[in-house]
S.K.: 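Pasting a structure here, questions to come.
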Number of protein chains: 2
Amino acid sequence: MKKQAISSSDKAFNALGDPTRRAIFEKLRVRPLAVVEIADGLPVSRPAVSQHLKVLKDARLIRVHREGTRNLCQIDTRGVLAMRNYLDNFWDIALAAFKQAAEKHKKHE
Amino acid sequence: MKKQAISSSDKAFNALGDPTRRAIFEKLRVRPLAVVEIADGLPVSRPAVSQHLKVLKDARLIRVHREGTRNLCQIDTRGVLAMRNYLDNFWDIALAAFKQAAEKHKKHE
DNA sequence: ACTTACCGTAAGTACAAACTTACCATTAAA
DNA sequence: TTTAATGGTAAGTTTGTACTTACGGTAAGT
């Protein structure tokens, strides 16, 4: 297998592909949380959460900053924007192709 | 053991998390293609492509219909819309949280 | 009927990733 | 300074998944 370039949205899609990371991501949607608060209620250990946070951070989906002994995590808008932009751009190009294909597809299904 | 409910956007994010599937997805953005055309140029075998197409189809990201001996694949707008809706909804709530955090921060100054 | 093109699935393998426990560092409070 | 809270990282295991080859099955052309 050969390595290929990884865009910012690539990492973001990959990060949100995991259900546990999705759960973490959605927990942070409401308000910033410390690591221990994120782990609480999840069916995995705290170290596992730490590892997931690392992935989310690398995908620019969350930001982390120290506050005393706590590591407060919050949503990073950059990763979300990257995905939105990718999908919006995709949408524009795909829509034209879709309309064209819809003509031929009309008699089927 | 970690089985949880899988929404349509869940499957879509998971599907686009794989770089090969991303490549397939983007190939179909321009126009519908047969399986052999999709596999051509990709660094994986055709059966591998078939397996990826299965995942993409299950995530409602592509549609497949027979045409002679060929299986024509095209973008399915439903999966794309599901992701867009998820991100848009997420965006709104996250922004509200930021606003609230900003208010709170202001009060403490 | 035979051949060719197209494609899905089965079986098995190899590597990536998600998880665990154990440990250590840092900070705040007692 | 001792204790408690927080959490990152290492090491190792297990599970998941992306891939391969081999095969069978269908449709179109010869």
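Below, read A as the first sequence line, B as the second, and so on, with proteins coming before strands; counting in each chain starts at 1.
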S.K.: Could you give the CZ-to-C1' distance, from B:Arg70 to D:dG25, as a whole number of Å?
M.R.: 18 Å
S.K.: Is the number of heavy atoms from other residues, nucleotides or ligands within 6.0 Å of CZ (B:Arg22) greater than 12?
M.R.: yes
S.K.: In whole angstrom, what separates B:His52's NE2 from D:dG16's C1'?
M.R.: 14 Å
S.K.: Counting just side-chain N and O atoms, does A:Ser45 come under 4.0 Å of either OP1 or OP2 of C:dT20?
M.R.: yes
S.K.: Indicate whether OP1 or OP2 belonging to C:dC6 is found under 4.0 Å from a side-chain N or O atom of B:Asn71.
M.R.: no
S.K.: Phosphate oxygens OP1/OP2 of C:dA18: is one of them under 4.0 Å from a side-chain N or O of A:Arg21?
M.R.: yes
S.K.: Can a donor-acceptor pair be found, under 3.5 Å and without considering hydrogens, that links the side chain of B:Arg63 to the backbone of B:Asp76?
M.R.: no
S.K.: Quick one: is A:Thr69 getting a side-chain N or O under 4.0 Å of the C:dT26 phosphate, OP1 or OP2?
M.R.: no
S.K.: Using the side-chain heavy atoms of B:Asp18, tell me which of these nucleotides is nearest: C:dG8, C:dA18, D:dA18.
M.R.: D:dA18
S.K.: When you match B:Ala34 and B:Gln51 each to their closest nucleotide on DNA chain C, which lands nearer the 5' end?
M.R.: B:Ala34
S.K.: Separation of A:His65 atom NE2 from C:dT27 atom C1', in whole Å?
M.R.: 16 Å
S.K.: A:Val36 side chain: which of D:dT6, D:dT21, D:dT9 is closest?
M.R.: D:dT6
S.K.: Which label fits B:Tyr86 and B:Phe13: parallel for a plane angle under 30°, tilted from 30 to 60°, or perpendicular past 60°?
M.R.: perpendicular
S.K.: Would the distance check show the side chain of A:Gln51 and the main-chain N or O of A:Ala48 forming a donor-acceptor pair, the cut-off being under 3.5 Å?
M.R.: no
S.K.: Report the distance from atom CG of B:Leu56 to atom P of C:dC7, rounded to the nearest whole Å.
M.R.: 16 Å
S.K.: Any donor-acceptor pair, under 3.5 Å, between the side chain of B:Arg46 and the base of C:dG8, if you only look at N and O atoms?
M.R.: yes
S.K.: Taking atom P of C:dC7 as reference, at what distance in whole Å does atom NZ of B:Lys57 sit?
M.R.: 13 Å
